[in-house]
Structure formats: C-alpha cells, structure tokens
Amino acid sequence: MPHLLHLDSSADPRTSASREVTAAFVRGWRDRGAEFTVASRDLQADPPPHLPDAALHWTPRLRTPDEVVDPAADAQQHVYLDELLAADVLLVGAPMYNWSLPSTLKAWLDHVHVLGATVPFGDYEARPLAGRHAVIVSSRGASYDAGGEQASWDHTVPPLELVLGRSFGMTVSVITLQLTLADRVPAMADLRERAAAEADAARNFAEELAERIVP
Ligand SMILES: Cc1cc2nc3c(=O)[nH]c(=O)nc-3n(C[C@H](O)[C@H](O)[C@H](O)COP(=O)(O)O)c2cc1C
C-alpha cells in the first residue's frame with residue numbers, strides 16, 4: 001500500500017501558506033484511492049524535543065561504551081524513525097523562519113538523520129530511504145529568486161536537500177511559495193498579484209504532483 005508521511009511545521013494556525021499547499025498534495029494523494037494512505041504529523045502542535053543527547057546521532061551499535069542513552073529518548077527517536085521508514089513518499093511543509101528552518105522541523109531532522117541507520121557509515125552501506133520521493137513545500141515572506149542578490153540567503157531548502165537528498169538518497173522535489181507577506185506588508189503591495197499567482201500555481205502543482213508521483 002503506498003503510504004505518505006505528511007509533516008507540517010508552520011506556527012501559523014490561521015493563514016499558513018505551506019499548510020494549504022501540503023493539504024492540496026494530500027488531497028491529490030487520497031484521490032488516487034483508499035490504498036493511498038497518509039500519516040500526518042504536526043510538528044508545531046506536537047513538537048519534537050531538541051535532540052536530548054548527541055549519542056542519538058549514532059545507531060546503538062556505533063555508540064561508545066559511555067554513550068548510554070535514556071530509554072525514553074531512544075523510544076522517542078524510534079517513533080520518528082519508524083514513521084519515516086514506513087513512508088513511500090515524504091511531504092514536508094517548511095516555512096522560512098529567519099532564513100532557516102522552524103526549530104521544530106530542525107529537531108525532527110536531528111532525530112532521523114542517524115549514522116548507521118538512515119545514513120551509511122563504515123561497513124553499513126544500506127540507505128533504506130534511497131530512491132523514495134520527498135516533496136518540500138517552502139513558503140517564504142519575501143523572494144529569493146535564483147540568480148538574484150538574495151538567493152544565497154535561503155537556508156531553508158538547502159539543508160533539507162542535503163539531508164533528504166544527499167544523505168538519505170531520496171529524490172527531492174521542491175515547491176516554492178514566495179512573497180507570502182505581500183498582503184500584509186504595505187511596501188509589497190505591488191507584488192500581491194504575483195504572490196497570488198505563485199500561491200495558485202503551487203497549490204495546483206502540488207495536487208497534480210501527488211496524482212502522478214510514483215510511490
Ligand atoms: C518567526 C518568523 C520568521 C520569519 N523569517 C522570515 C525570513 O527570514 N524571510 C522571509 O522571507 N520570511 C520570513 N518570515 C515570513 C514567513 O516565511 C512567511 O510568512 C511564510 O508564509 C510562513 O509560512 P506559512 O505561511 O506556512 O506559515 C518569517 C515568519 C516568522 C513567523
């Protein structure tokens with residue numbers, strides 16, 4: 001059964017642009033039939049703790065003898081890992097907060113990027129997530145167009161691409177929504193039309209991608 005893990009991390013319960021687009025993706029996925037199942041995790045409503053122990057970066061057999069981990073922390077990490085490993089497709093709502101990731105999403109990443117488990121290390125060459133799809137929905141108030149002066153300020157998508165793509169070997173697609181603050185910031189008033197068009201395009205693309213992505 002094709003299974004989707006859907007993560008949201010926006011702290012905006014009212015008008016979140018990323019949540020709207022992840023919801024469109026989930027709609028498209030569910031439309032494919034009852035066998036297309038979904039697990040949703042709201043990282044804002046139920047935030048992961050900050051990584052409580054650096055030893056969790058290593059799978060148990062790679063830990064040093066003094067790296068004894070609190071069993072509750074181990075169990076918590078396994079909840080996130082098991083959920084991720086059960087997914088054929090990962091969908092991540094990733095707003096830009098201070099040019100980077102919401103801390104809740106960063107905490108989730110810190111729990112699942114595990115050497116010797118999700119990432120190869122030494123004679124452990126397995127990459128259990130390799131070849132699976134990840135879809136990142138990146139919402140940002142301003143614009144960071146490729147080639148523009150501010151393009152290099154985006155520290156939201158690059159770390160996700162590194163962890164999900166480079167480390168896990170997933171095939172990563174990015175859906176970007178820019179200028180989401182145009183309605184709110186008077187100085188951006190002349191960008192409202194473009195922002196609305198980008199939001200529509202992102203929603204439509206997400207729904208359409210969900211209908212054709214090969215799990
Ligand atoms: C704490 C915080 C920090 C933000 N930092 C930035 C930023 O660095 N650059 C930017 O373009 N927008 C920034 N924004 C605006 C958000 O990226 C924008 O509102 C986006 O739409 C949030 O995603 P959401 O609509 O899904 O909640 C910030 C918003 C918040 C709440």
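Whatever order the structure lists them in is the order used to number ligands and atoms, beginning at 1.
Annotation for ligand 1: atoms under 4.0 Å from non-hydrogen atoms of Ser10 are 24 (P), 26 (O), 27 (O). Listed by number with element, the atoms of ligand 1 under 4.0 angstrom from any heavy atom of Asp12 are 27 (O). The contact set between ligand 1 and Ala142, taken as ligand atoms under 4.0 Å from a residue heavy atom, comprises 10 (C), 11 (O). Near Leu181, the atoms of ligand 1 lying under 4.0 angstrom from a non-hydrogen atom of the residue are 15 (C), 19 (O). In the vicinity of Thr180, heavy-atom distances shorter than 4.0 Å reach the ligand 1 atoms 18 (C), 19 (O), 20 (C), 21 (O).
Using the six-membered ring where Trp is involved, His113 and His57 have ring planes that are parallel, under 30° apart on the 30 and 60° scheme.
Side-chain polar atoms of Thr171 and His133 form no donor-acceptor pair below 3.5 angstrom. Side chains of His155 and Ser100: no donor on one and acceptor on the other come within 3.5 Å. Gln178 and Asp145 share a side-chain donor-acceptor pair at under 3.5 Å. Inspection of the Arg14 and Ser16 side chains reveals no N or O donor paired with an N or O acceptor under 3.5 Å.
Atom 2 (C) of ligand 1 has its closest protein heavy atom at Tyr97 CD2, 3.5 Å. The closest protein non-hydrogen atom to atom 12 (N) of ligand 1 is Gly141 N, 3.2 Å. Annotation: atom 8 (O) of ligand 1 to nearest protein heavy atom, Trp99 N, 2.8 Å. Among all non-hydrogen protein atoms, the one lying nearest atom 28 (C) of ligand 1 is Met96 O, 3.5 Å. For atom 25 (O) of ligand 1, the closest non-hydrogen atom on the protein side is Ala17 N, 2.8 Å. Among all protein heavy atoms, the one lying closest to atom 23 (O) of ligand 1 is Ser139 OG, 2.8 Å. Regarding atom 5 (N) of ligand 1, its nearest protein heavy-atom neighbour is Asn98 N, 2.8 Å. When hydrogens are left out, the protein atom nearest atom 10 (C) of ligand 1 is Tyr144 OH, 3.2 Å; that is the closest non-hydrogen contact.
When hydrophobic clusters are built by joining Ile, Leu, Val, Met, Phe, Trp and Tyr residues whose side-chain heavy atoms come closer than 4.5 Å, directly or via intermediates, Leu105 is grouped together with Val157. Cluster membership for Trp108 and Phe168, using ILVMFWY side-chain heavy atoms within less than 4.5 angstrom, is shared.
Using a 4.0 Å cutoff on heavy atoms, Trp153 does not count as a contact of ligand 1.
Residue Ser18 has at least one N or O atom closer than 3.5 Å to an N or O atom of ligand 1.
The cationic group of Arg32 lies under 6.0 Å from the six-membered ring centre of Trp29 and within 45° of the ring axis, placing it in a cation-pi geometry.
Within the 3.5 Å criterion, the main-chain N or O of Ala182 finds a donor-acceptor partner in the side chain of Arg192. A donor-acceptor pair is defined here as one N or O able to donate and one able to accept, closer than 3.5 Å; no such pair exists between the side chain of Ser9 and the backbone of Pro102.
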